[in-house]
Amino acid sequence: MGWGGRGARRLVAGVGALALAVTGLAGCGTEARGVCGVIVDSTSYADPATSRNDVTSKLPPFTEGCDWIAFAAVTGSSESSTCRQDPVALAATRAENPNDNPVVEERVREHRVTEVLPRAVKLFDCPAEGDGSDVLGALRYLVKQLSAHRRPDSAHQIIVFSDLINNRGDLDLNRLDLSEGARQRKIKELRDARLLPDLSGYAVVVHGFLRAKTSDPDRFPLLEGFWRESFEAAGAATVDLL
């Protein structure tokens with residue numbers, strides 16, 4: 001569920017290009033923002049108050065760059081989880097703002113943005129669904145939602161509140177050999193089995209990486225390397241591990 005805490009690491013420069021405001025989902029009144037996704041880890045990551053504080057402080061500024069937001073929860077069985085929240089369309093539709101009135105656009109947006117944080121926070125309290133944490137399943141479920149709303153000229157962004165300690169299914173980081181060759185083989189195995197989500201063009205930021213730090217400290221940089229390489233293999237444009 002986690003991802004690294006020694007400062008932001010970027011896979012590829014170019015977040016500026018992703019963040020260009022262009023004619024995407026918002027058809028009316030204001031410049032279009034991005035297609036966005038939010039993942040909230042409801043497993044042991046959710047226990048410290050710091051994790052919830054991260055959502056309440058980090059999600060609102062992230063939301064400012066979004067026209068449409070989908071949600072996913074990390075549980076023990078994330079892809080088949082019954083713990084769901086509906087997406088929020090922040091931009092006014094053509095029917096709601098046929099004259100491209102910026103005042104109407106902003107009024108619609110101000111109303112809908114109030115729905116985002118409460119939906120994300122509810123995901124912290126998903127019921128237990130087996131032991132462990134299925135981070136990859138949450139990423140796959142989120143990307144399935146986002147793929148139907150992709151716009152070639154819009155920013156695509158994902159914010160993840162998790163320590164990224166995936167220990168379910170085909171990826172158990174607690175037991176994984178993290179030597180360079182072994183982790184490259186594992187990433188190829190996951191990609192070949194279509195277990196890595198298609199993150200092509202997405203800017204990804206993770207809050208809480210390895211927050212609990214229960215592993216051997218010598219594994220921290222290796223875990224960071226594993227996730228950085230995994231996101232790169234999945235096509236992510238930039239990655240910040242915070």
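Just so you know, these numbers come straight off a predicted model, no measurement behind them. Side chains are part of it too, since the values below use all heavy atoms of this structure and drop only hydrogens, waters and symmetry mates. Here, residue 1 is the first one in the sequence, and each next residue gets the next number.
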Rounded distance [0.5 Å steps], CD1 in I69 versus CD in Q145: 12.0 Å
If we only count heavy atoms from C-beta on, is the L146 to I158 side-chain gap below 4.5 Å? yes
Applying side-chain contact (heavy atoms from CB on, under 4.5 Å) to F124 and D41, what does each step give before you reach the verdict? CA-CA 6 Å; F124 271 125; D41 195 329; 5.8 Å; no
Residues that E115 engages under side-chain contact (heavy atoms from CB on, under 4.5 Å), provided they are two or more places apart: V88, H111, R112, R119
Is there a side-chain contact between R183 and D177, using heavy atoms and a 4.5 Å cut-off? no
Verify the distance criterion only: is there a donor paired with an acceptor across the side chains of E129 and S77 at less than 3.5 Å? no
Cluster check F231, L196: I/L/V/M/F/W/Y, side chain < 4.5 angstrom: yes
Check whether any side-chain heavy atom of K122 lies under 4.5 Å from a side-chain heavy atom of F71, and answer yes or no. no
Are L90 and T63 packed together at the side-chain level, in the sense that at least one heavy-atom pair is separated by less than 4.5 angstrom? yes
Mind checking whether V206 and D240 have side chains closer than 4.5 Å, heavy atoms only? no
Looking at G65 and C36, what are the two nearest heavy atoms and their distance? O-SG, 4.1 Å
If you look at every heavy atom in W227 and N166, which pair is closest and at what distance? CZ2-CB, 4.3 Å
Can you tell if the side chain of V40 reaches within under 4.5 Å of the side chain of Q85, non-hydrogen atoms only? no
How many angstroms lie between CD in E79 and CG in D134, if you round to the nearest 0.5 Å? 7.0 Å
With a 3.5 Å distance limit and no angle check, can you tell me whether S133 reaches the backbone of N167 through a side-chain donor-acceptor pair? no
Considering all heavy atoms, the nearest E105-A92 contact: OE1-CB, 3.2 Å
Under the side-chain contact (heavy atoms from CB on, under 4.5 Å) rule, what do Q157 and V35 come out as? Steps first, then yes or no, please. CA-CA 6 Å; Q157 305 171 79; V35 178; over 6 Å; no
With a 4.5 Å cut-off on side-chain heavy-atom distances among I, L, V, M, F, W and Y, is there a chain of contacts connecting V143 to V160? yes
Point-to-point distance, once rounded to the nearest 0.5 Å, from CG of L171 to CG of L190: 6.0 Å
Between T238 and V204, does the side-chain contact (heavy atoms from CB on, under 4.5 Å) criterion hold? Intermediate values first, please. CA-CA 6 Å; T238 65; V204 181; over 6 Å; no
Over all atoms of both residues, closest heavy-atom pair of R168 and D131: CD-O, 2.6 Å
Geometric cation-pi criterion R84 and Y141, 6.0 Å radius, 45° cone: yes
Using a strict threshold of under 4.0 Å (side-chain N to carboxylate O), is an ion pair present between E64 and R33? no
Could you measure the distance from the CG atom of L176 to the CZ atom of F226? Nearest 0.5 Å is fine. 5.5 Å
Does a side-chain heavy-atom distance below 4.5 Å link L139 with I39? yes
At their closest point, which heavy atom of P197 faces which heavy atom of A234, and how far apart are they? O-CB, 3.2 Å
Might you point out which heavy atoms bring A73 and C83 nearest each other, and give the distance in Å? CB-O, 4.2 Å
Sorted by first residue and then second, give each salt bridge (Lys or Arg N to Asp or Glu O under 4.0 Å) pair with at least one member in residues 192-205; sequence neighbours left out. K188-D192
Would the distance check show the side chain of R140 and the main-chain N or O of L195 forming a donor-acceptor pair, the cut-off being under 3.5 Å? yes
Hey, what do you get for CG (L59) to CG (D54), rounding to the nearest 0.5 Å? 11.0 Å
Do side-chain atoms of N97 reach the backbone of V104 as a donor and acceptor pair under 3.5 angstrom? no
According to a hydrophobic-cluster definition based on side-chain heavy atoms being under 4.5 Å apart (Ile, Leu, Val, Met, Phe, Trp, Tyr only), do L117 and V108 belong together? no
Got a sec, which residues hit salt bridge (Lys or Arg N to Asp or Glu O under 4.0 Å) with R52, two or more places apart in sequence or on another chain? D125
Steps toward salt bridge (charged side-chain N to carboxylate O under 4.0 Å, His left out) verdict (E189, K186): CA-CA 5 Å; E189 175 190 317; K186 185 62 179 182; 3.0 Å; yes
Using a strict cut-off of less than 4.0 Å between a Lys/Arg side-chain nitrogen and an Asp/Glu carboxylate oxygen, indicate whether R151 and D67 qualify as a salt bridge. no
Backbone N/O of N174 and side chain of D172: donor-acceptor pair under 3.5 Å: yes
Report the relative orientation of the aromatic rings in H156 and Y202; use parallel for angles under 30°, tilted for 30 to 60°, perpendicular for over 60°. perpendicular
Kindly compute the distance separating OH (Y45) from OG1 (T50), expressed to the nearest 0.5 Å. 8.5 Å
Under a single-linkage definition using a 4.5 Å side-chain heavy-atom cutoff for Ile, Leu, Val, Met, Phe, Trp and Tyr, are F62 and L123 assigned to the same hydrophobic cluster? yes
